[in-house]
Number of protein chains: 2
Amino acid sequence: MRIGEAAEASGVSAKMIRHYEAVGLLPAAARRDSGYRDYGEGDVHALRFIRRARDLGFSLAEIAGLLALWGDRNRASAEVKRVALAHVEALEAKARDLSAMAATLRHLAAHCHGDARPDCPILEELAGGR
Amino acid sequence: MRIGEAAEASGVSAKMIRHYEAVGLLPAAARRDSGYRDYGEGDVHALRFIRRARDLGFSLAEIAGLLALWGDRNRASAEVKRVALAHVEALEAKARDLSAMAATLRHLAAHCHGDARPDCPILEELAGGR
DNA sequence: ATGGTGCTTCCCATCATGGGAAGGTCAAGG
DNA sequence: CCTTGACCTTCCCATGATGGGAAGCACCAT
């Protein structure tokens with residue numbers, strides 16, 4: 001199938017499919033005489049794999065590792081688990097950071113009148129009001 | 001003071017100070033005869049304001065708005081509060097997304113033996129194993 | 001005057017993604 | 001047979017915030 005159909009079938013845009021090939025995440029696709037890229041079911045599976053991994057927040061570098069593990073029948077599941085849990089830690093840390101920012105800001109906003117008056121603890125805090 | 005001292009005093013790198021000026025977040029700094037940028041206390045206050053806003057996850061575009069509000073003595077605090085709460089929503093949404101990813105992945109990892117055997121529900125899920 | 005430190009501008013890289021231009025390919029229909 | 005339109009190709013540029021590094025100028029202490 002052509003790249004547009006592979007994109008449709010996998011949920012990865014044609015633009016990104018070409019990009020993944022360019023950065024070496026995917027092997028160079030087969031070509032028709034016309035020069036068009038030609039994909040099979042196996043390629044679509046790999047693309048779906050990548051999309052799901054992206055949906056779980058893995059970077060392309062991490063996905064490259066996961067693809068290698070996926071393709072290695074003798075891999076130890078311990079290795080996969082290690083990569084996954086390291087990523088979980090990173091996700092949770094980032095989530096905590098964002099939640100902390102949100103909490104701080106929500107606290108400041110709670111003390112802001114939010115009316116026509118100009119005084120506002122949010123700006124005062126940003127300006128270094130302590 | 002020169003840019004290095006302003007960077008030291010504000011916690012914003014010299015590189016970023018120049019960048020903020022280049023993108024219009026800050027007015028062009030005063031210059032000495034030598035061509036060196038010259039900063040005063042007011043500039044350092046603005047830089048600290050930016051750094052604190054960045055620490056709370058505001059984008060440079062949002063900060064531009066906050067700086068304008070900060071400099072407007074007649075602003076209504078309602079406006080500031082509105083911007084802040086919209087940002088809180090965005091932060092919380094992003095935190096939820098990350099937490100959801102982490103939870104999904106942690107769940108998958110919990111069902112992965114994590115030993116020398118090759119079978120692994122994490123890869124199976126990514127491969128679309130349902 | 002010399003060395004070292006700090007400043008200047010300019011270009012490049014990151015990471016994942018998309019927009020868009022210029023031009024080639026192919027199938028359907030007049 | 002030729003046109004039209006949808007699809008493909010490559011290549012360049014942009015995003016957002018930050019940093020690295022090079023080439024060259026300014027300044028200060030020795």
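Quick note on labels: first sequence line is chain A, next is B, and so on, each numbered from 1.
Among the nucleotides C:dT9, C:dA16, D:dG19, the one closest to any side-chain atom of B:Arg31 is C:dT9. For B:Arg2, whose side chain is taken as the heavy atoms from C-beta onward, the closest listed nucleotide among C:dG6, C:dA16, D:dT18 is C:dG6. Closest to the side chain of A:Leu60, from the set D:dT18, D:dG19, C:dA16, is C:dA16. Picking from C:dT17, C:dG6, D:dC27 the nucleotide with the shortest atom distance to the side chain of A:His19 gives C:dT17. Side-chain proximity of A:Met16 to D:dC7, C:dT17, D:dA26: nearest is C:dT17.
Close to C:dT17, at under 4.0 Å from its OP1 or OP2, lies no side-chain N or O of A:Ser13. One finds a side-chain N or O of A:Arg18 lying less than 4.0 angstrom from the OP1 or OP2 phosphate oxygen of D:dT9. The shortest distance between the side-chain N/O atoms of A:Tyr20 and the OP1/OP2 oxygens of C:dT17 is below 4.0 Å. Note on A:Ser34: a side-chain N or O is less than 4.0 Å away from OP1 or OP2 of C:dC26. Checking the phosphate oxygens (OP1, OP2) of D:dT9, a side-chain nitrogen or oxygen of A:Arg37 falls inside 4.0 Å.
With salt bridges taken as basic N to acidic carboxylate O contacts below 4.0 Å, one links A:Glu89 and B:Arg106. In summary, A:Glu79 and A:Arg82 engage in a salt bridge, as defined by a charged side-chain N under 4.0 Å from a carboxylate O. Under 4.0 Å is where a charged nitrogen must lie from a carboxylate oxygen, and between B:Arg117 and B:Asp119 no such pair does. Between A:Glu21 and A:Arg18, none of the side-chain N atoms (NZ, or NE/NH1/NH2) sits under 4.0 Å from a carboxylate O, so this pair counts as no salt bridge.
When each of B:Lys15 and B:Gly4 is assigned the nucleotide of DNA chain C bearing its nearest heavy atom, the one mapping closer to the 5' terminus is B:Gly4.
Note on A:Phe58: nothing from the nucleic acid sits closer than 4.0 angstrom, heavy atoms only.
The separation between A:Ile3 atom CD1 and D:dC8 atom P is 7 Å, rounded to whole Å.
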